[in-house]
Number of protein chains: 2
Amino acid sequence: MTELRRAAGAARGRSSVPEATVARLPLYLRVLTSLADRAVRTVSSETLAKAAGMTSAKVRKDLSYLGSYGTRGVGYDVDFLLGRIAAELGLTEDRTVVLVGVGNLGHALAGYAGFRSRGFRVVALLDVDPDRIGESVGGVAVSPLDEMEALVERNQVTIGVICTPAAAAQAVCDRLVSAGITSILNFAPIALSVPVGVDVRKVDLAVELQILSFHEARKRSAPATGGVAAPTRSPGRRAGGRSGESDDPRLAMVTRAPTGPPTLGTRGTGPLVGTTGGTSGAATGAVTGAKTGGEAS
Amino acid sequence: MTELRRAAGAARGRSSVPEATVARLPLYLRVLTSLADRAVRTVSSETLAKAAGMTSAKVRKDLSYLGSYGTRGVGYDVDFLLGRIAAELGLTEDRTVVLVGVGNLGHALAGYAGFRSRGFRVVALLDVDPDRIGESVGGVAVSPLDEMEALVERNQVTIGVICTPAAAAQAVCDRLVSAGITSILNFAPIALSVPVGVDVRKVDLAVELQILSFHEARKRSAPATGGVAAPTRSPGRRAGGRSGESDDPRLAMVTRAPTGPPTLGTRGTGPLVGTTGGTSGAATGAVTGAKTGGEAS
DNA sequence: TCAACTTCGTGAAGTCCTTCACGAAGTCGT
DNA sequence: ACGACTTCGTGAAGGACTTCACGAAGTTGA
């Protein structure tokens, strides 16, 4: 299969760089930048690995996808590698970003220095709240959503960041795509559906905590999950009242879960339920590994 | 191998749930919560998959790791599954969190409703800046860093969120670990090194954009990377100046060894100019897939 | 009770990624 | 020059997920 793999890779023209590697390039870039700032000239895969918190073999493998730069017995030329990775990530031309939803999180992101320092320029902030229009964050004024199309075109923006509540996310997403955006970073807790050709990456802060919680759960309280409680297997009477209920530990974490008065904020209808929903997922491009770190302020 | 796989899994005692699956459980949880709110009683893997933006096969596989709940011909009981996943994620007991670094991003996170609504309670905000002490964010007052130990113990906190600048991150991390924290969510752009037993998850907003940039680069400007520019291959005269300096970069990165006043900035191949440097990681637990969404506000 | 359906559960095959291991290519000291 | 070292590059083996595919179990309607 190796034969096939390589063939496929080569056939894809340039870039046969695996996703996992792409997700790590920014990491190397950061370390290399730091080294360059200290006037360090060369770096070995071993050193680079330690600084990035990984293994040297992985570093070499990753870098090998970019070509065989690097000198045996010495290591890699910091400056050269830096430029090579930046080029690979398409950071040689400065990229513009439009951010929608200047609420709590959006506000913080708009002022986040890490974007600017790494080549991303937020050229527009959009929001529907009249009270926020005009407000300036990080030197950029908040504009009404209606100006999206004009701003995107005028600034040749290709990346959009969504920080709106979940209910508005899909609509905003659709509009961004129509306006010409082809890459989206989504902070809203909902799965966006987009046409092929558009990439979406999701970031959910609460999920990160939940994952930590999972591991936390099996550290402490070793036993814990003794017998999983009644699996409610066979039980036929499902129709009756809510079956599980009894062992319902999902508790508060969700806040209200009033099964009673249905209607509830019927609003969204969201994606679920009406199966037909819409463009199934799939199109969501790669998006797998996720890493990196913020840069408080 | 299958035999071995299973054996290994079983041997690990409870929980042989693969990391990739763990990373998706929060996603299912969110969808299920939404369904429960609408009084939906059962859901099929197909419907769940569409709502989560994935395939039904994956959903079934994932859920099968939790046990064989689910009724053929019908689907899964929403309430039961909800409780089962919450339990698996250890969300049955409410988890407390301490956040360090109430700057731009930290401030936003402290007020982030998504944490509260999903079972995480921020019980303490810490910062070194005297001006921020006392300020209240999301109902919690900012305390001086020195109170960390006391607050962590008093509230039985096990999860820490680091939103400090990269330079302070490792020190804060060490202190959190000493105080008893065993899970850390790191937003600082640096690889933290922690003792085994402590989990660290990293979130770097800029990296997400860089990954998008990578894909963006091969969409548009098809050709682009014409000839990669001089690989600097063969060039013998690398020695240039002090060779010694060049082949001992490893310490440099940790301690910094600003040997000459050289050109700095020259590297500029791109608009980047990052920051950071760091210590090894290794213990960083799994951490791979990343999903979910935020919840503006 | 039975036939027609739906939907789960899961071995097996297929992919992608990581780790191993070692030859090749350079550097360094004498 | 030459031997002793370093450190890269990479095939190959090993793992971890994902996707496929289909039998089993359960539901519904006549």
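Since we're looking at a predicted model, the values are computed, not measured. Residue numbering restarts at 1 for every chain, and letters A, B, ... go by the order of the sequence lines.
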Measuring only between side-chain heavy atoms, which start at C-beta, is A:Asp62 closer than 4.5 Å to A:Arg24? yes
Side chain to side chain contact (heavy atoms under 4.5 Å, CB included) filter on B:Ser213, not counting sequence neighbours, yields A:Leu91, A:Arg95, A:Phe120
Under 4.0 Å between a side-chain nitrogen and a carboxylate oxygen: does that hold for B:Glu208 and A:Lys202? no
Could you work out, with side chain to side chain contact (heavy atoms under 4.5 Å, CB included) as the rule, every residue matching A:Thr182, not counting sequence neighbours? A:Thr158, B:Glu216, B:Lys219, B:Arg220
Write down the protein N/O and nucleotide N/O pairs, taken from nucleotides 3-6 of chain C, whose separation is under 3.5 Å; answer none if there are no such pairs.
| residue | atom | partner | partner atom | Å |
| --- | --- | --- | --- | --- |
| C:dT6 | O2 | B:Gly73 | N | 3.4 |

Indicate yes or no: at least one non-hydrogen side-chain atom of A:Arg201 is less than 4.5 angstrom from one of A:Ile184. no
Closest listed nucleotide, where the reference is the side chain of B:Arg60 and the choices are D:dT10, C:dT18, D:dA21: D:dA21
Not counting sequence neighbours, which residues clear side chain to side chain donor-acceptor pair (under 3.5 Å) with B:Tyr76? List them please. none
Kindly say if A:Ser64 contacts the phosphate of D:dG11, meaning a side-chain N or O under 4.0 Å from OP1 or OP2. no
Atom-pair distance (NZ on B:Lys61; P on C:dA13), nearest Å: 13 Å
For A:Thr47 and D:dT7, is the shortest distance between a side-chain N/O and OP1 or OP2 below 4.0 Å? no
Five pairs at each end of the helix from C:dT1-D:dA30 to C:dT30-D:dA1: take the axis at both ends and give me the angle between them to 10°. 20°
What residues, two or more places apart in sequence or in another chain, satisfy side chain to side chain contact (heavy atoms under 4.5 Å, CB included) together with A:Ser56? A:Ser45, A:Glu46, A:Ala49, A:Arg60
Measure OH/A:Tyr65 against C1'/C:dC17 and give the value in whole Å, please. 8 Å
